[in-house]
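Presented below is the structure to which this report refers.
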Amino acid sequence: MRNKILEPLTESQREAVTHVEGPLLVVAGPGSGKTRVITHRIAYLLDLGVPPQHILGITFTNKAANEMAERVGRLVPRHGVWLGTFHKFCVRVLRRYGERIGVDPNFVIYDTKDRTDLIRSVMEDLRIDRASLDPRRVESIISRAKNENCMPKAFAKRADNDLVARIYERYQERLLELGALDFDDLLLQTARLLSDDEEVRAALDQHFAFIMVDEYQDTNAVQYQIVRLLSRDVPNLCVTGDPDQSIYGWRGANIRNILRFEKDYPSCRIVRLEENFRSTSSILEVADRLIANNTLRKEKRLRSTRPPGAPVRLRAFETELEEAAAIAQEIRQQVRSGQRSYADFAIFCRVSALTRTLENALRHAGVPYQILSGVAFYERAEIKDVLAYLRLLINPRDDLSFQRAIKSPPRGVGDTTLQRLAQVARAHGLGLLEAIPLLLDSGQVRGKAATSLKRFGELVGEWQKEVDGPVAPLIRRVIVESGYASWVEGTDRGQDRLENIEELITAAQQFDVESDSGGLAQFIAESALATDLDRWDQDGSTVSVMTLHAAKGLEFPVVYIFGLEDGILPHARCVDSLEQLEEERRLLFVGITRAQEELHLSYARSRAFRGAFALTHPSRFLPELGIAVEELEQEMDRAAWMDRSAARSRGPALPSVGRRRASGRGRQVVSGSSSNGCEFQVGTWVRHPKHGVGRVTQVADAGEFVKVTVRFDKAGTRSFLAPMAPLTPLD
DNA sequence: TGCCGGACGTAAGTT
DNA sequence: ACGTCCGGCA
């Protein structure tokens, strides 16, 4: 048995695996077998006779947790070790001990959308105009505060934003009233529990004698504190991570947590895994050159164990359409010729908004794909609607869910009725659902609204009797009896939406079968914590499309990264500070190091944005890769590219001065404009069907097209590519 | 009173 | 190209 665990390991991997007592830091470069180390170490501990319940494995994503559970299972069947995300772990702790710090054990979890809704409603209550203070900004400030372990009181003392402090305070009060925790609270309340309740802390510290934390470079202040509090008396803490792959600074991750591990645990052992078994040396060299440009970094070399393989390609396209089409066609060809299967390919981009064009191209080329975008499956409207009903059954005070459920399907209860209901509820300190009888008795509501409300209350009462039974039949009952199913069927994409609900029911069936599942509350909690990525099927015969963030931890034989343009990668919001810029560089580094055999990078010189075309600049990271850019038509101006990158590194962006080719390839849209440009000149008055009359302020060469900038009275200044723009000259 | 369609403003990443 | 808001209609 022990041989099976230790044999396949390298020297340093074995060193990490066989380290048992005391703190251990594994600094693991990409593709260095980090997951293998963790899973084999768990197996090793089990083999030594450590009871599985004393081992705790914490990851950031469900996917990572599942993969680990599965791989440990291959070494030790039915191992019984708890492996899960930080958030899941916190849910578990809070359900059991949360009451000691005033957390309702039946709490519901509010996701980002619920949070948005609640913050908006709080701002309404406080009569804060949305125009004067953007709710989205408020959200991110509050979330940031929570990730820094800063509660409303402490936040108010910082006092740089009075208004936000008031919203924050009220928001927390509302969550408490509603019996809800948002994502950040799961961590925050757990940290509070562990630091305020020594009895619980000590018990859990003892209980989880062996703790392993993956991706430690991505821990935030609260997660850091939780880990610290659980490894004080029994510090058998093993963390793994790679500072070069820290990409979650924007949500409060603190790269210093991993950098100071040695100081936190002076007796710790450090093992470095620097051999890369994943990528060809060509790919690795590119990654290495790129990341060497980060200044806030400990020097580290990646050692390749593989031959050079195919060179990394970097291509420039005129438009995003060509870029997408080229990727789709290439993949199709490689599969058709039998060299590859679709599952070998992954396509990454910085922002999920970029996938639309790509999707079209893939569909057009008949390439099967799965998108793993930011929009989680469980955030789809229909899923949220159904979950709102379920949440209401568990927690009748959950007004947010009530409001959602009562409106879908529309049943004749509108804002006016709801406002009256809210008044009554507030007067009696009840939830909206609970206040229905009072409102009806008061006689304030009559007619359809009254009967609908009454019926709704009765139905919920009926369903509540079933909450301890299996989940799947309950869902089915709810969607039929509420009229939701028949209503949704008649809406836009009704069939699709119904299918999504079916998928939820399938998940519920699965959940029902698992013996130790914790009932409806647990199902809802897991749904809130589930992501798109969890539904991902790597063995399926499809190309995978995802963001660079989502790609972390994965690997593919062939990787495409597209949209490598300034403003996209690095993202426009990240170019102002060196720290953020370097995080963007790490993001590209993560993407590059996912590739095993082939890596294709590309950018487009123009891209549709907000419905209009705009010119782009190549990413400032591209010159750092040390590879030449290929033009769509070979030997075309390498010089122009060099100029541009030189200009880039010198300073602020210069207007892109491209060349104009005599003929476009496979483009139908070019027409109407004469060879020397177009009919627009600076000063020309033009009419736009939507924006009305405006005046041309700028005419610039844009590769093959001409960019026309027009100032409109109302719409302000906008740019168009001349041949496509619906502009009519007025002269 | 509630619902629907056009106008308007707006867009990072994830648990 | 998209969701959200407001005003008019049922």
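Lettering follows sequence order; numbering is per chain, from 1.
- The aromatic ring centroids of A:F60 and A:H87 lie 6.0 Å or more from each other.
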Dump every N/O contact between nucleotides 3-6 of chain B and the protein below 3.5 Å, one line per pair.
from: B:dC3; atom 1: OP1; to: A:G412; atom 2: N; distance (Å): 3.4

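- Annotation: cation-pi pair A:R95/A:F107 present, NZ/CZ under 6.0 Å from the ring centroid and within 45° of its normal.
- Base contact: A:R350 has a heavy atom under 4.0 Å from a base atom.
- Judged by the 6.0 Å and 45° rule, A:R92 forms no cation-pi pair with A:F89.
- Under the stacking criterion of a centre-to-centre distance below 5.5 angstrom and an interplanar angle below 30°, A:H549 is not stacked against the six-membered ring of B:dA12.
- Residue contacts for A:R136: at a heavy-atom cut-off of 4.0 Å it reaches the sugar-phosphate backbone alone, with no base atom in range.
- Of the candidates B:dG13, B:dG2, B:dT15, the closest approach to any side-chain atom of A:T85 belongs to B:dT15.
- Using C1' as the reference atom, B:dA11 and C:dC6 are 22 Å apart when rounded to the nearest Å.
- The residue A:F86 sits apart from the nucleic acid: no heavy atom pair falls under 4.0 Å.
- Between A:F621 and A:Y603, the gap from one ring centroid to the other reaches at least 6.0 Å.
- Residues passing the side-chain contact (heavy atoms from CB on, under 4.5 Å) test with A:E70, sequence neighbours excluded: A:R74.
- A search for side-chain contact (heavy atoms from CB on, under 4.5 Å) contacts involving A:T190 returns A:C90, A:V93, A:L94, A:L194, A:I226, not counting sequence neighbours.
- Here B:dT15 is the nucleotide among B:dT15, B:dA12, B:dG2 with the atom lying nearest to any side-chain atom of A:T61.
- Between B:dG13 and C:dT4, the distance separating the two C1' atoms is 23 Å to the nearest Å.
- Residue A:S352 has no polar side-chain atom (N or O) positioned under 4.0 Å from OP1 or OP2 of B:dA12.
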